[in-house]
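Chain identifiers are assigned alphabetically (A, B, ...) following the order of the sequence lines, protein sequences preceding nucleic acid strands; residue numbering begins at 1 within each chain.
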Amino acid sequence: MANDLFTYTMRLADDAAILSQRLAGWCGHASHLEEDIALTNIALDQIGCARLLYAYAGEIEGKGRDEDALCFNRNEREFTNLLLLEQPNDDFAYAIVRQFFYSAYVLLFWQALKSSKDERLAGIAAKAEKEAAYHLRHSAEWVVRLGDGTEESRSRIEEAIEFLWMYTGEMFEMDEVATALAEQGIAVDAAAIKPAWNKSINEVFARADLSVPTGTWMQTGGRNGEHSEHLGHVLAPMQYLQRAYPGLVW
Amino acid sequence: MSEQHTPLWEVFIRSRNGMSHRHAGSIHAADAEMALQAARDVYTRRGEGLSIWVVPSAAIIASDPSEKDMMFEPTGDKIYRHPTFYEIPEEVGNM
Amino acid sequence: MYTQSLNTAVQRDGAEEDPQKLAAFQAKIDREEKIEPNDWMPAAYRKTLIRQISQHAHSEIVGMLPEGNWITRAPSLKRKAALLAKVQDEGGHGLYLYSAAETLGISREEMVEQLHTGKAKYSSIFNYPTLNWADVGAVGWLVDGAAIMNQIPLCRCSYGPYARAMIRICKEESFHQRQGYELLLTMMKGSEDQRQMVQDAVNRLWWPALMMFGPSDKDSVNTADSMRWKIKRFTNDELRQKFVDATVPQAEVLGITLPDPDLRFDEESGHYVYGEPNWEEFYNSIKGNGICNKQRLKDRVKAHTDGAWVREAALAYARKERERREAGKQAAE
């Protein structure tokens, strides 16, 4: 049980950490200043979330690993984030679609986790829910503008949607860990939030006359540490100082 | 080709209930929703606000500084509008 | 947040200003009254301000890059959050300053173009690279520290929108210098490797930080107008001296050596005496020959060019929505 809870909490922490690392890549490089600041706000929310979750996971584990030990000293195969979140910032459309798919899901997820029997997780969920609601609004409005903007923006966002779609199935998977915790009223039944997620995607896509992809093949593996090649490149710069100079305080 | 201009908006923020909205600054945005979000992301990063107004800068009608005398001088001698113009015996207390 | 005393004076145009208006304007400034956007102002005042404020804004925006260089590599989540928030603040400050300049009749698009074509300058400090993690701390301590010396007097600048932007900026960035210094202190308490990183960063950034105040007064011919107009309140050397006096004792607490063999305290004047910066390097960097000049500009141009389709999409959508609303209204009538 404690082991399951640790595994489960680490998944959520890794999601937040990897997404924040991706979003942080925009800081200083976005299309205009207002958006530069907006994306950084989302990145900061994700870091805040990662810190709370890693700290909690460290306590559950009870081996003295703190948030940084958990974030900076684990290998690719130990990271259990969703594959969607490690996908690169190929262009702004990719970043927005990634954010939109994830925010639409994680808002529903936090709303459900708020009533978890685990008080710490419920508390973190209550805070994260408000942040996710704004991330969803921000990314959804961009989906509409890129979809119904120029020919170029439409073709770019269609490409991003098509590419990232196969990573969305993983969000709703329930494996043994999640199922066991859900039965105890701790974890969220992720499969159960899929219809509401579909509805939210459909509504926003409809505003921009975008089609939901018909592909049904979904990639999986992130929760077991089986990643795309991108994750190693996310971790390499992120962990470099901690790895090069082990055990120091920064 | 010189770039098409993205409209300018003025941002007003109510810092807490009971206060009026105050001018905080400006941002650029293509439309009202984007302007509202940009105002939130730029001007309330440190919990400065509870309510935001955004107004297209072009919609603001301003008085002309060269008409300052005509517009504002005439009120200068109307001291009877101010409470301190009236003397009240001290024993009355606050009024 | 960064400003630099560059060549802010502008060539006087042939046209003479109305002497009466000019006198009234100067009298207003002498009474410490603010000049507001629609007020009459001499063309040279307007031009000087546009140039100074836009350079200041460009410095903020280019200044996001050297520190941004370490965002993905920050060694702890706490440091990563602080650094991201700080770099984001620089972006915000650039935005406030562009807005202040826009009140003088220039658009943000024009200013950005001036930066990208190399017509406008930005602070020379950002043409130096950030080579190890301690640079992030040293930038906060020395570069922001120098900038604060420059900026506090600007809060009283005669031009209202500039002064107001500076007040907001100074308030927001009070954490920047402290986080930098605290980062360095933490490293100094750590391993020998970490202490070496700090010393290395300070060795490289000390002189560039001193040069942020601009050329020595004896070589700076352009401050007279700015002083009279109360855009500038202290000379370059006065501000540089203040900075040195404030910083040397902080270096002692930190336990590092400042790379100036001539640095000593002068009992008589009560000030620190310091050596001569390498002005040739300074002018070279301003001219575009610093190690990072081309890279910085290239990065800015790339972000802007790569983002053009995003800005166009937003404008196109806004136009379509307007048209749809109009069409809806007409149909209803």
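In this structure, no portion of Ala32(B) lies under 4.5 Å from any heavy atom of chain C. With a 4.5 angstrom heavy-atom cutoff, Leu315(C) touches chain B via backbone and side-chain atoms both. For chain B, the nearby part of Tyr317(C) is the side chain; its heavy atoms alone come within less than 4.5 Å.
No more than 12 heavy atoms of other residues, nucleotides or ligands lie within 6.0 Å of NZ in Lys119(C), so this atom counts as exposed by the packing criterion. Arg31(C) CZ: more than 12 foreign heavy atoms inside a 6.0 Å radius. Heavy-atom contacts from other residues, nucleotides or ligands closer than 6.0 Å to CD of Glu32(C) number more than 12. Within a 6.0 Å radius of CZ in Arg324(C), other residues, nucleotides and ligands contribute more than 12 heavy atoms. Counting non-hydrogen atoms of neighbouring residues, nucleotides and ligands closer than 6.0 angstrom, the NZ atom of Lys302(C) reaches no more than 12 such neighbours.
Between the CZ atom of Arg45(B) and the CD atom of Glu172(C) there is a distance of 5.0 Å, given to the nearest 0.5 Å. Atom CD1 of residue Ile27(B) and atom CZ of residue Arg108(C) lie 8.5 Å apart, to the nearest 0.5 angstrom. In this structure, CG in Leu8(B) is found 10.0 Å from OG in Ser107(C), a value given to the nearest 0.5 Å.
Between the side chains of Glu102(C) and His28(B), at least one donor-acceptor pair of N or O atoms lies under 3.5 Å.
In this structure, Ser26(B) and Leu95(C) approach most closely via the heavy-atom pair O-CD2, 3.3 Å. The two residues Ala314(C) and Ala30(B) have their closest heavy-atom pair at O-CB, 3.4 Å.
Of the possible donor and acceptor atoms, none in the side chain of Arg311(C) sits under 3.5 Å from a partner among the backbone N and O of Thr6(B).
Most heavy-atom pairs under 4.5 Å with chain B, from the set Arg322(C), Glu36(C), Glu110(C), His304(C): that is His304(C).
Salt bridge Asp89(C)/Arg46(B): present, at least one basic N to carboxylate O contact under 4.0 Å. For Glu48(B) and Lys171(C), the salt-bridge test fails: no basic side-chain N is under 4.0 Å from an acidic carboxylate O.
Contact annotation: the side chain of Glu33(B) never approaches that of Glu321(C) to less than 4.5 Å [non-hydrogen atoms, C-beta and beyond].
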- Message: Using the rule given for side chain to side chain contact (heavy atoms under 4.5 Å, CB included), can you reason through Arg164(C) versus His23(B), listing the C-alpha separation, both sets of side-chain angles and the distance that settles it, and then say yes or no?
- Response: CA-CA 11 Å; Arg164(C) 288 192 288 276; His23(B) 186 236; 5.9 Å; no
